[in-house]
Amino acid sequence: MKDIRIDFSMALPFADKAALEGVKAQALKAQESLWDLGAEADVKGWLDPMPQGAAYQAMMEKAKEIRENADAFVLVGVGGSNQAARAVIKALQRPGTPEVFYAGNTLSAPALRRVLTGLDGKKEIYINVIAKNFETLEPGSHFRVLREYLVRRYGREDIAKRVVLTGTFGSRLEEIAKENGFTFLEFPVPVGGRYSVLTPVGLFPMAVAGIDLPALLAGAERMKAMLLENTDNAAVCYAALRQHLYKGKGFDTEVLAAFEPQLDYFAKWWVQLFGESEGKGKQGIFPTAVSCSEDLHSLGQYMQDGRRSLTETFISVEEPDGSVVVSPDPGFGDRFDYLDGVDFVDINHAAETATVKAHYEGGVPCFRVVLPKLDEYYFGQLFYFFMVACAISGKTAGINPFDQEGVEAYKRTMFRMLGK
Ligand code: PA5
């Protein structure tokens, strides 16, 4: 089976060879410290994907119950507590599985009202509240509203089976689960939110949506094996090159670009992973994303011709799942006859190839992450690759990629205003 591969050939020409070697030496040390499980064990639990033992089987049983009985499933969580599951569900949800609603990721009244109105039209509703420390305002406040909603719809006695809580052992959320007979799933303490995709945080909602978890976990394990097999691997090269281009060459913004809208929510996960991990100490590469070809008609102009401070990381899908061939329409005269008989797969690939070439020639260092297909197995590889690369990159930059103190600043004022 093919693996994802990273093509550096359109980024390397922008590097200074000797300086890059120096950064790479630092990245190799960072990698060594990452795999040294004796150190920082309290933040590196994510390096081991969830084993498929008893806890996994129990989680799958509950997911099956919901998949078979629910017509609506509400995923309540924010940041690392919902991004990964949403990325995969939006890309690969299986037909015939419950409609997934997202709550606890905003404080907007109209957005929450729309969720509640959507639920009004559903018969069997289940919710999963994911909160590591259960202090975050968005999921906590939405759990209140949804709890009250469920009690009103089903009565207090009937809601126990409908609520699944994902939190840390010993947290208030676990007590609540015990007090009310709700199912409780573990959010492992040594795993930060944005690194939690391969734990029940990411896996349980995916299972409800019919995602093939064994394939996803196999992909992650395969990437782990590949990274461990060879110290001079793609994660180290990517981390070193992006840090060198940033610190040595002034490329301070990285744009994730994908030509499959199925990857739009993966891009949000990626932006969060790198943004929260690396933006510290008044430095860090600013991560952002474009969805192509649509955004070529907006940010494409800037990327081709604006300030030369961008690098671009393309996620390319070799064999997309789906094909539409353009039928000839002789005599209609729309001047698109050059597309007669051409598959959109090839049109999209042409647009991507042309964009990479134009941006590269226009002075944008381009990385290409090539996926044979967009399925669970390659999602597993992709998640694992970027988590390791991000951790190595952050360590190479000399920051702690596992904390996020900066997000506390606005909260202090907000909590004061709300009288907490
Ligand atoms: O990556 C992180 O650690 C954060 O984005 C958290 O996931 C996010 O703030 C939500 O935290 P919690 O699950 O405690 O509500």
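Note that ligands are numbered from 1 as they come in the structure, with each ligand's atoms numbered from 1 the same way.
Each of the following atoms of ligand 1 lies closer than 4.0 Å to a heavy atom of Ser81: 7 (O), 12 (P), 13 (O). Atom numbering of ligand 1 starts at 1 in the shown order; those under 4.0 Å from a heavy atom of Ala131 are 13 (O), 15 (O). With ligand atoms numbered from 1 in the order given, ligand 1 contributes 1 (O), 2 (C), 3 (O), 7 (O) to contacts under 4.0 Å with heavy atoms of Gly193. Interface of Val78 with ligand 1, defined as ligand atoms under 4.0 Å from a residue heavy atom, comprises 7 (O), 8 (C), 10 (C). If you number the atoms of ligand 1 from 1 as listed, the ones under 4.0 Å from a heavy atom of Gln404 come out as 3 (O). Residue Asn133 has at least one heavy-atom neighbour below 4.0 Å for each of these atoms of ligand 1: 14 (O).
Under the 30°/60° scheme for interplanar angles, the aromatic rings of Phe8 and Phe367 are found to stand perpendicular. Using cut-offs of 30° and 60° on the angle between ring planes, the pair His359 and Phe314 is tilted.
In terms of protein heavy-atom proximity, atom 5 (O) of ligand 1 is nearest to Gln272 NE2, 2.7 Å. For atom 7 (O) of ligand 1, the nearest non-hydrogen atom of the protein is Gly80 N, 3.0 Å. Annotation: atom 15 (O) of ligand 1 to nearest protein heavy atom, Thr136 OG1, 2.6 Å.
Taking a distance limit of 4.0 Å, we find that atom 9 (O) of ligand 1 is approached by no protein heavy atom.
Using a 4.0 Å cutoff on heavy atoms, Gln83 does not count as a contact of ligand 1.
One finds no salt bridge joining Lys411 and Glu135 here, because no Lys/Arg side-chain nitrogen approaches an Asp/Glu carboxylate oxygen to under 4.0 Å. The residues Asp158 and Arg153 are annotated as not salt-bridged, no charged nitrogen and carboxylate oxygen being separated by less than 4.0 angstrom.
At a 4.0 Å heavy-atom cut-off, ligand 1 does not touch Glu135 at all.
When all heavy atoms of Ala85 and Leu75 are compared, the closest pair comes out as CB-CD1, 3.9 Å.
Relative to atom 4 (C) of ligand 1, the option among Glu276, Arg194, Glu138 with the closest non-hydrogen atom is Glu276.
Taking the six-membered ring for Trp and the full ring otherwise, the centers of Phe274 and Trp270 sit less than 6.0 Å from each other.
Note that OG1 of Thr313 and CZ of Phe386 are 6.0 Å apart. Values are rounded to the nearest 0.5 Å.
Taking the side chain as every heavy atom from C-beta outward, Phe134 and Leu165 never approach each other to under 4.5 Å.
Only one option out of Arg368, Lys2, Lys373 pairs with Glu318 in a salt bridge (charged side-chain N to carboxylate O under 4.0 Å, His left out); it is Lys2.
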